Amino acid sequence: MKKEDTLKNNIPYDIRDTGLADAGRKRIEWALREMPVIKILRDQESTSLFKNKVICACLHITSETANLVITLKRCGAKVFLTASNPLSTQDDVAASLVCDHGISVFGIKGEDINSYNRHIKELASRKPDLVIDDGADLITFLHNNPDLAENVIGATEETTTGITRIKNIEKEGKLLFPVICVNDAMTKHMFDNRYGTGQSTIDGIFRATNTLIAGKTVVVCGYGWCGRGIAKNLKGLGANVIITEVSPLRALEAVMDGFQVMKMEQTASLGDIFITATGNAKVISKDIFNKMKDGVILANAGHFNVEIDIDALEHLSKKITEVKPLVKEFVLKSGKRVYLLAEGRLVNLGCAEGHPSSVMDMSFAGQFLSLKYIVTVKKLQLKCHAVPDEIDRQIASLKLKSMGIEIDTLTDYQKKYLSSWNLD
Ligand SMILES: NC(=O)c1ccc[n+]([C@@H]2O[C@H](COP(=O)([O-])OP(=O)(O)OC[C@H]3O[C@@H](n4cnc5c(N)ncnc54)[C@H](O)[C@@H]3O)[C@@H](O)[C@H]2O)c1
């Protein structure tokens, strides 16, 4: 592992190997082909939009994130980037950002939790003006170290779990700066969580195991935006999909969408593969493991590695071996084997490359335009904010345009009709 140094471009960084920059550059360029909205923003927005602003971003260090931070830098920001997950960093992308773009990056694929936390601290010590987070680890750190948050005028949060955490800070009246909930924009969760997680989670399982999905019984825990996408794609691949839920509405929706719905405990002896996507903890817990079939595969698509109770799984096991990269075999005391992917962390980022660039294009356009909104509005109220509707509409319009799709507009007669109540 390389130690943090300041040799390249005279900037601080801590990445695996600057020698990987060539491969990273190609990967970033490949991703940009499918990021037309980010490309438009990069070309059209003022190069002084974020002048004199220090932006600290805690995001998965992928080729799509690279295209976001390059765009922010082009618009005048001084950008620092750290990983939002110890397993998701693309080391070649990190190298290209440092060497080709002079952006300080702190993240190494497979780093331990101490290194992960040290990097978050490193970012916070830059005393950011703007913060981008994915999972709220950086925002939480800043709230626990308020002197480092003095300059923050606003932050944006990328994912469902991060927003849950930040809203809990807000509920306790402890929010230090306004936060825009990017995940709640329609151009984010309807596409990124549903189609992105829906595809890349299965991609992660394929790449890690090469298992056949057709004919398998797959239990999907949580029928939210991510769960719906995962379940739909699994069904398309020929799996028998079972959903577990705690929300009666979402459970009912799953039933009407044609899935079996049952309690977690009932699924235990039926599933060949289990995928968690709830944002909750201990969804697959101690009691379930012993009831599972021999050879089951467990994967998590939720933000943190808490959905599968790994401590309990370790406790129940007599032998644990890594049988393939990021595939751990747990031999239970009963002799049954359980395979855990990506250490129970985000399987799509640990075992595959995360979401396709095309959906991240919209999510990151939401990030960019939300940051623009923060600096343009000047003084946002101290609370969690929704992404303004105009931003959602702007992103959707740009995306449709890039796809060569035109849609109708309301005629004057239709506008009048829709705003009337007396229809005579
Ligand atoms: N893998 C990725 O790249 C990726 C992308 C987006 C979001 N996420 C993460 O995925 C998780 C889910 O996000 P979402 O947008 O689908 O959230 P969501 O709120 O739309 O859905 C979560 C669902 O899980 C259900 N749930 C909660 N506890 C449960 C339990 N014990 N058993 C069964 N169901 C339970 C909830 O009722 C809800 O319907 C979050 O942690 C989010 O941050 C991951």
Side-chain angles (χ1 to χ4, degrees), residues 58-62 64-65 84-85 87-88 133-137 157-167 181-205 219-233 242-255 257 259 261-268 271 274-285 287-288 299-309 341-342 344-357 359-360 362-364 366-367:
C58 178
L59 293 168
H60 301 295
I61 302 173
T62 62
E64 293 78 22
T65 298
S84 60
N85 183 295
L87 285 186
S88 61
D133 215 341
D134 184 342
D137 279 348
E157 171 53 53
E158 171 78 0
T159 198
T160 319
T161 285
I163 291 174
T164 307
R165 292 176 84 189
I166 295 161
K167 287 198 169 159
C181 301
V182 172
N183 180 74
D184 295 351
M186 289 209 270
T187 47
K188 201 285 182 178
H189 61 259
M190 274 171 59
F191 303 96
D192 170 317
N193 302 29
R194 179 164 48 174
Y195 298 106
T197 315
Q199 178 171 314
S200 60
T201 296
I202 299 170
D203 185 18
I205 295 173
V219 178
V220 178
C221 308
Y223 201 65
W225 288 103
C226 295
R228 289 180 185 114
I230 296 167
K232 180 170 176 267
N233 286 337
I242 303 176
I243 305 294
T244 71
E245 249 299 342
V246 292
S247 152
L249 285 168
R250 295 247 165 117
L252 195 56
E253 186 185 354
V255 172
D257 285 346
F259 297 108
V261 176
M262 56 183 85
K263 283 170 76 77
M264 187 70 223
E265 203 187 341
Q266 294 171 289
T267 70
F274 291 76
I275 305 171
T276 50
T278 68
N280 207 342
K282 297 193 183 187
V283 177
I284 305 185
S285 60
D287 303 341
I288 307 294
N300 169 49
H303 189 78
F304 284 117
N305 60 338
V306 295
E307 306 216 6
I308 301 166
D309 189 347
L341 309 190
R345 296 189 186 278
L346 294 164
V347 70
N348 56 329
L349 284 136
C351 298
E353 293 176 66
H355 293 357
S357 314
V359 284
M360 293 317 296
M362 287 189 279
S363 308
F364 284 163
Q367 287 286 1

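Atoms within each ligand, like the ligands themselves, are counted from 1 in listed order. A quick note: this is a predicted structure, and the numbers were derived from the prediction, not measured.
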Contact table ligand 1 N or O to protein N or O, d under 3.5 Å:
| residue | atom | partner | partner atom | Å |
| --- | --- | --- | --- | --- |
| ligand 1 | 1 (N) | A301 | O | 2.8 |
| ligand 1 | 1 (N) | N348 | OD1 | 3.2 |
| ligand 1 | 1 (N) | N348 | ND2 | 3.3 |
| ligand 1 | 3 (O) | N348 | ND2 | 2.8 |
| ligand 1 | 13 (O) | T160 | OG1 | 3.4 |
| ligand 1 | 15 (O) | T160 | OG1 | 2.7 |
| ligand 1 | 15 (O) | N193 | ND2 | 2.9 |
| ligand 1 | 16 (O) | W225 | N | 3.1 |
| ligand 1 | 16 (O) | C226 | N | 2.9 |
| ligand 1 | 20 (O) | W225 | N | 3.2 |
| ligand 1 | 20 (O) | R250 | NH1 | 3.1 |
| ligand 1 | 21 (O) | R250 | NH1 | 3.4 |
| ligand 1 | 28 (N) | N280 | ND2 | 3.1 |
| ligand 1 | 37 (O) | E245 | OE1 | 2.8 |
| ligand 1 | 39 (O) | E245 | OE2 | 2.5 |
| ligand 1 | 39 (O) | R250 | NH1 | 2.9 |
| ligand 1 | 41 (O) | T161 | OG1 | 2.5 |
| ligand 1 | 41 (O) | H303 | N | 3.0 |
| ligand 1 | 43 (O) | T159 | OG1 | 2.6 |
| ligand 1 | 43 (O) | T161 | N | 3.1 |
| ligand 1 | 43 (O) | T161 | OG1 | 3.4 |

Completion exercise
Smallest heavy-atom separation, A352 atom then S200 atom, equals CB-O, 4.3 Å
Practice task
Check ring-ring contact (aromatic ring centres under 6.0 Å, His included) between F274 and all other residues, then give those that pass, not counting sequence neighbours.
Solution key: none
Residues 277-285, side-chain donor-acceptor partners within the protein, below 3.5 Å, at least two apart:
| residue | atom | partner | partner atom | Å |
| --- | --- | --- | --- | --- |
| T278 | OG1 | N280 | N | 2.8 |
| T278 | OG1 | E307 | OE1 | 2.8 |

Handout entry: Note, L346 side chain near L87 side chain (heavy atom, < 4.5 Å)
Key = no
Handout entry: Qualifying residues under ring-ring contact (aromatic ring centres under 6.0 Å, His included), relative to F191, sequence neighbours excluded
Key = none
Handout entry: Note, F304 side chain near D137 side chain (heavy atom, < 4.5 Å)
Key = yes
